[in-house]
Amino acid sequence: MSIEANYSLGAIAIGIGATLVMDLWNLFLKRTFNIPSLNYCLLGRWLRHMPGGTFRHASITAASPQPFECMVGWSAHYTIGVVFALVFVVLISGDWLARPTLLPALLYGIGTVIFPFFIMQPSFGLGIAASRTPKPTQARLKSLVTHTVFGVGLYVCALGVSYVLRVHSGR
């Protein structure tokens, strides 16, 4: 298998893994502190309304439920994680997968918070950076920490990928 294919497969693996780490973090928050996570069915609802021309909602929870919204939402959640990881590996270079370091992954994970702040939350009717939520500061902090955990997940999963790449290449 070519080096580029290894890097692409590695990036896909770290995207899935980092998204799983983020989900485990959110599960920990829910079970330990009763802090709810985003309902990914609502992500699916938002996406399922798009073919009909609706991209923004006054309240995504008040929008009509859509067929298969949960499946679409969870699939989109993991697809987004993989796309973020692929973009990261392209930006940082595939060599990072061979020798991952924490800081670039952490900074990138933190940087990905711009997507919920400026795209998803406003489109859900929550305002820019959750400004229309009952506790905007708490919502912003949770998003920031969750995306920081995604960055840590990129790094931790890349350690596993780098090990596999070393074993596979005989180094």
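The minimum heavy-atom distance linking H147 with P116 is given by the pair NE2-CG, 3.5 Å. For R45 against Q66, the heavy-atom pair with the smallest separation is O-CG, 4.1 Å. Residues L154 and A85 approach most closely at CD2-CB, 4.0 Å, considering heavy atoms. A pairwise comparison of heavy atoms in P136 and S131 identifies CG-O, 4.0 Å as the closest pair. Annotation for A98 and S162: closest pair O-CB, 3.5 Å, computed over non-hydrogen atoms. Counting all heavy atoms, side chain and backbone alike, G73 lies closest to L43 at O-CD2, 3.5 Å.
At a threshold of 4.5 Å between non-hydrogen side-chain atoms, the residues F118 and I128 count as touching. Residues K30 and S37 fail the side-chain proximity criterion, which asks for heavy atoms closer than 4.5 Å. Counting only heavy atoms from C-beta outward, the side chains of V156 and V21 never approach each other to under 4.5 Å. Looking at L159 and Y163, their side chains never come closer than 4.5 Å, going by heavy atoms from C-beta outward. Using a 4.5 Å heavy-atom cutoff, the side chains of F124 and L38 are in contact. Using a 4.5 Å heavy-atom threshold, the side chains of M120 and F115 count as separate.
Hydrophobic clustering, with ILVMFWY side chains joined whenever heavy atoms are under 4.5 angstrom apart, keeps F117 apart from V149. Note: the hydrophobic cluster containing L103 does not contain V87 (ILVMFWY, side chain heavy atoms under 4.5 Å, direct or indirect links). V90 and I80 are not part of a single hydrophobic cluster, where members link through side-chain heavy atoms under 4.5 Å apart. Put simply, W74 and M50 are part of the same group of oily side chains (I, L, V, M, F, W, Y) that touch within less than 4.5 Å, one to the next. Note on Y78: it clusters hydrophobically with V161, by side-chain heavy-atom contacts below 4.5 Å among ILVMFWY residues.
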**Study point:** Stepwise side chain to side chain contact (heavy atoms under 4.5 Å, CB included) test for V152 and W25
**Key:** CA-CA 11 Å; V152 170; W25 168 254; over 6 Å; no
Check your understanding: Given K142 and T146, is the side chain to side chain contact (heavy atoms under 4.5 Å, CB included) satisfied, shown in steps?
Key -> CA-CA 6 Å; K142 183 174 181 312; T146 297; 3.7 Å; yes
Practice item. Mind running side chain to side chain contact (heavy atoms under 4.5 Å, CB included) on T61 and L42 for me, showing each step along the way? Key: CA-CA 7 Å; T61 57; L42 296 177; 3.8 Å; yes
Practice item. Check the pair I14, F84 against side chain to side chain contact (heavy atoms under 4.5 Å, CB included), reporting the backbone distance first and the verdict last. Key: CA-CA 10 Å; I14 67 168; F84 279 170; over 6 Å; no
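Separating the NE2 atom in H57 from the OG atom in S123 is a distance of 8.0 Å, to the nearest 0.5 Å. Atom CG of L27 sits about 10.0 Å away from atom CG of L20, to the nearest 0.5 Å. We find the CD1-CD1 distance between I114 and I119 to be 7.0 Å, quoted to the nearest 0.5 Å. Distance check: L47 CG to H77 NE2 gives 12.5 Å after rounding to the nearest 0.5 Å.
Ring planes of W96 and F88: perpendicular class, angle over 60° (limits at 30 and 60°).
In this structure, L102 places its CG atom where more than 12 heavy-atom neighbours from other residues, nucleotides or ligands lie under 6.0 Å away. Annotation: R132, atom CZ; neighbour count of heavy atoms from other residues, nucleotides and ligands within 6.0 Å does not exceed 12.
Looking only at distances, no side-chain donor or acceptor of S75 sits under 3.5 Å from a matching main-chain atom of V72. Of the possible donor and acceptor atoms, one in the side chain of T32 sits under 3.5 Å from a partner among the backbone N and O of F28. When atom types are taken as modelled, the side chain of H49 and the backbone of S64 share a donor-acceptor pair closer than 3.5 angstrom. Under a 3.5 Å cut-off, the side chain of R48 and the backbone N or O of E69 do not form any donor-acceptor pair. Listed for the S93 side chain is a donor-acceptor partner under 3.5 Å among the backbone atoms of D95.
Not less than 6.0 angstrom separates the ring centroid of W46 from the ring centroid of F55. Checked against the 6.0 Å centroid threshold, Y108 and F150 do not count as a close aromatic pair.
Using modelled atom types and a 3.5 Å distance limit, the side chains of Q121 and S143 yield a donor-acceptor pair.
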